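A note on names: the letters A, B, ... follow the listed sequences, proteins ahead of strands, and every chain is numbered from 1. Everything numeric in this text was worked out from a predicted model, so none of it was measured.
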Amino acid sequence: MGIAKAMAEIERGTAEIIDLERIETLVTRYYNEGETYRVKLGLDPTAPDLHLGHTVILQKLSVFQKHGAIVQLLIGDFTAMIGDPTGKNETRKVLDRDTVKENAKTYQEQAFKILDPDKTELMFNSTWLDALGADGMIQLTTQYNVARMLERDDFEKRYKAGQSIAVSEFLYPLLQGYDSVAMECDIELGGTDQKFNLLMGRHLQRNYNVGKEQAVLMMPILEGLDGVQKMSKSLGNYIGIAEEANTIYAKVLSISDTLMWRYYELLSNRSLTEIAELRRGVEDGNIHPKKVKEMLALEITTRFHDEAAAKDAQAEFNKVFAANQLPTDIPEFAAEEGIWICKALVDAGLEPSTSQARRDIQQNAVSIDQKKIGDVKLNLEAGEYILQVGKRKFAKVKVG
RNA sequence: GGUGAGAUACUCAAGUGGCCAACGAGGGCAGACUGUAAAUCUGCUGGUUUUUACCUUCGGAGGUUCGAAUCCUCCUCUCACCA
């Protein structure tokens with residue numbers, strides 16, 4: 001493959017690249033002399049469930065692997081103790097080594113759905129940060145000053161808003177930057193929100209005389225299903241890559257039409273020209289936007305499962321939501337005769353509390369065997385029923 | 001160390017003795033309309049084997065009072081100014 005084409009693949013969809021020249025040099029050297037280089041990605045071991053937001057960067061890493069990169073997946077087991085400053089004053093729970101190892105393993109398994117295992121190294125930053133010691137830590141803190149630290153967007157905002165900033169939080173960017181020193185990486189990837197930390201790596205590599213300064217490549221932050229907030233597990237607006245085909249398909253289809261184009265740009269493997277054509281088609285009214293969304297849903301579902309599973313998911317989706325029929329697999333549970341409907345809904349996991357169940361029944365959101373019920377005092381007699389709350393929550397109950 | 005201000009539900013934010021399970025906004029859930037899209041309209045948004053009732057909640061622990069998110073004391077945390 002030509003170097004120009006490789007570079008075009010690397011640059012696609014990026015938010016910002018610092019030191020593009022260096023990347024080009026590395027790629028060129030690979031193609032001419034077969035010399036590999038190192039690309040780093042730091043991961044937080046607290047949340048082992050990868051979602052599409054992570055895959056934006058992982059996909060980029062896999063592009064690099066095609067062009068001569070050895071990927072360094074860094075598990076931030078040490079830095080997890082501090083937690084990247086987020087503005088939230090949550091106390092982090094301290095993870096023990098075993099949990100971290102387990103999380104790392106899960107990470108790895110999931111990441112290998114996208115990455116080439118033969119060109120990936122797994123690392124833990126406790127390896128060198130444990131060894132740093134108090135004097136090493138102090139040495140590290142002399143490399144930067146408070147005024148510059150406060151330039152970091154998040155710190156600046158909080159400082160101006162009069163919110164607290166723990167001293168330990170200043171350590172986070174420094175330690176992350178020091179990782180780059182220890183790893184001697186050539187390029188570091190991250191989201192745009194990581195810019196400050198990524199640049200710190202460059203700064204520290206220079207100060208510690210590593211002999212190179214990492215290039216930085218930032219990917220845009222993928223919005224979650226709501227289209228506003230960034231995709232994250234804690235916000236519940238994510239599509240997990242380990243989720244079932246049906247779920248992934250349905251979630252993709254539930255995004256807004258505007259957001260769909262964003263997902264195309266960042267997640268699809270279709271060429272940019274192809275995407276532009278689809279877009280024109282929709283704008284001209286020649287293609288129904290739902291068709292385009294279905295294509296995206298199929299593509300993404302196929303990526304984490306396979307084509308057959310994706311097709312099945314599509315069929316199932318149409319059956320349940322377009323044709324209003326019952327899904328194929330409905331979780332079952334048993335209950336005693338005469339059980340109060342609200343209690344049954346809670347037991348089935350369809351409702352969080354009987355009070356909530358009561359409200360939903362009053363609002364016509366609950367049906368039994370596809371018939372709405374309005375009676376909150378209903379007790380179920382012996383028999384089998386299909387319970388449904390809203391459009392998407394189903395359960396089969398055996399009473400008696 | 002001193003002085004002052006503040007801590008309310010998922011978030012922001014009213015409420016300064018009874019009309020408070022606590023205004024409002026955002027978010028979320030549900031209904032109508034749809035393409036499980038968007039926009040719009042409507043309802044709900046602490047819990048309880050059963051609800052015009054009862055129980056728990058306004059940083060924490062005590063106290064005053066017939067009655068406290070509201071008053072008092074101590075504590076914890078945050079911010080500002082001074083040192």
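For the pair A:Lys290 and B:rU34, the criterion of a side-chain N or O lying under 4.0 Å from OP1 or OP2 is not met.
Nucleotides B:rA30 and B:rC19 are separated by 30 Å at their C1' atoms, to the nearest Å. Comparing the P positions of B:rG18 and B:rG67 gives an interatomic distance of 14 Å, to the nearest angstrom. One P atom belongs to B:rC72, the other to B:rU65, and the distance between them is 15 Å to the nearest Å. If you take atom C1' in B:rG47 and the same atom in B:rC41, they sit 31 Å apart, rounded to whole Å. B:rC66 and B:rG59 have their P atoms separated by 25 Å, with the value rounded to a whole Å. Going from the P atom of B:rC23 to that of B:rU8 covers 16 Å, rounded to whole Å. Rounded to whole Å, the P atom of B:rG28 lies 36 Å from the corresponding atom of B:rC77. When the C1' atom is compared between B:rU70 and B:rU3, the two are found 25 Å apart, to the nearest whole Å.
Atoms CG (A:Leu278) and P (B:rA37) sit 21 Å apart, rounded to a whole Å. Between A:Glu283 atom CD and B:rA37 atom P there is a gap of 21 Å when expressed in whole angstrom units. When the P atom of B:rC79 is taken as reference, atom CD1 of A:Ile165 falls 9 Å away, rounded to whole Å. Atoms CD (A:Gln388) and P (B:rU36) sit 14 Å apart, rounded to a whole Å. Residue A:Leu259 contributes atom CG, which lies 12 Å from atom C1' of B:rA38 at whole-angstrom precision. Nucleotide B:rA38 holds its P atom 11 Å from the CD1 atom of A:Ile255, rounded to whole Å. When rounded to the nearest whole Å, the span between NZ of A:Lys393 and C1' of B:rU36 equals 14 Å. Rounded to an integer number of Å, the gap from CE of A:Met260 to P of B:rU36 is 14 Å.
Place A:Phe317 and A:Asp360 on RNA chain B by their nearest nucleotides, and A:Asp360 ends up nearer the 5' end. In terms of position on RNA chain B, the residue among A:Tyr159 and A:Asp257 whose nearest nucleotide sits closer to the 5' end is A:Asp257.
Side chain to side chain, A:Thr120 and A:Gln65 meet the donor-acceptor criterion of an N or O pair below 3.5 Å. Side-chain polar atoms of A:Gln214 and A:Ser180 form a donor-acceptor pair below 3.5 angstrom. For the residue pair A:Glu316 / A:Thr328, a side-chain donor-acceptor distance below 3.5 Å is found, with atom types taken as modelled. Using modelled atom types, one finds no donor on one side chain facing an acceptor on the other under 3.5 Å when comparing A:Glu351 with A:Gln356. No side-chain donor from either of A:Gln363 and A:Arg358 sits under 3.5 Å from a side-chain acceptor of the other.
Salt bridge annotation for A:Glu213-A:Arg22: absent, with no cationic side-chain nitrogen under 4.0 angstrom from a carboxylate oxygen. A salt bridge links A:Glu294 with A:Lys291: the closest approach of a Lys/Arg side-chain nitrogen to an acidic carboxylate oxygen falls below 4.0 angstrom.
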Problem set entry | Trace of the side chain to side chain contact (heavy atoms under 4.5 Å, CB included) decision for A:Phe170 with A:Ile165 | CA-CA 8 Å; A:Phe170 280 169; A:Ile165 301 171; 4.0 Å; yes
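Screening residues 202-239 of chain A for ring pair (Phe, Tyr, Trp, His ring centres under 6.0 Å), with sequence neighbours left out, gives A:Tyr144-A:His203, A:Tyr178-A:Tyr208.
Side-chain atoms of A:Gln363 and base atoms of B:rG43 include a donor and an acceptor less than 3.5 Å apart.
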Distances for protein N or O near nucleotides 46-54 of chain B N or O, under 3.5 Å:
{"residue": "B:rG47", "atom": "OP1", "partner": "A:Ser353", "partner atom": "OG", "Å": "3.0"}
{"residue": "B:rG47", "atom": "OP2", "partner": "A:Arg359", "partner atom": "NH2", "Å": "2.6"}
{"residue": "B:rU48", "atom": "OP2", "partner": "A:Thr354", "partner atom": "N", "Å": "3.1"}
{"residue": "B:rU48", "atom": "OP2", "partner": "A:Thr354", "partner atom": "OG1", "Å": "3.0"}
{"residue": "B:rU48", "atom": "OP2", "partner": "A:Ser355", "partner atom": "N", "Å": "3.0"}
{"residue": "B:rU48", "atom": "OP2", "partner": "A:Ser355", "partner atom": "OG", "Å": "3.1"}
{"residue": "B:rU48", "atom": "O5'", "partner": "A:Thr354", "partner atom": "OG1", "Å": "3.4"}
{"residue": "B:rU49", "atom": "OP2", "partner": "A:Thr354", "partner atom": "OG1", "Å": "3.1"}
{"residue": "B:rU50", "atom": "O4", "partner": "A:Asn379", "partner atom": "OD1", "Å": "2.8"}
{"residue": "B:rU50", "atom": "O4", "partner": "A:Asn379", "partner atom": "ND2", "Å": "3.3"}
{"residue": "B:rU51", "atom": "N3", "partner": "A:Arg358", "partner atom": "NE", "Å": "2.9"}
{"residue": "B:rU51", "atom": "N3", "partner": "A:Arg358", "partner atom": "NH2", "Å": "3.2"}
{"residue": "B:rU51", "atom": "O4", "partner": "A:Arg358", "partner atom": "NH2", "Å": "3.0"}

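With B:rG28, B:rG35, B:rG31 as the candidates, the nucleotide lying closest to the side chain of A:Lys391 is B:rG31.
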Problem set entry | Secondary-structure string, 5' to 3', Watson-Crick or G-U under 3.5 Å, | for another-strand partners, for RNA chain B | ((((((((.[[[..)..(.....]]]((((((.......))))))(((....)))...[[[[[..)....]]]]]))))))).
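Here the OG1 atom belonging to A:Thr141 is positioned 9.0 Å from the CE atom belonging to A:Met149, to the nearest 0.5 angstrom.
In this structure, the side chains of A:Asn125 and A:Ile75 stay at 4.5 Å or more apart for every pair of heavy atoms.
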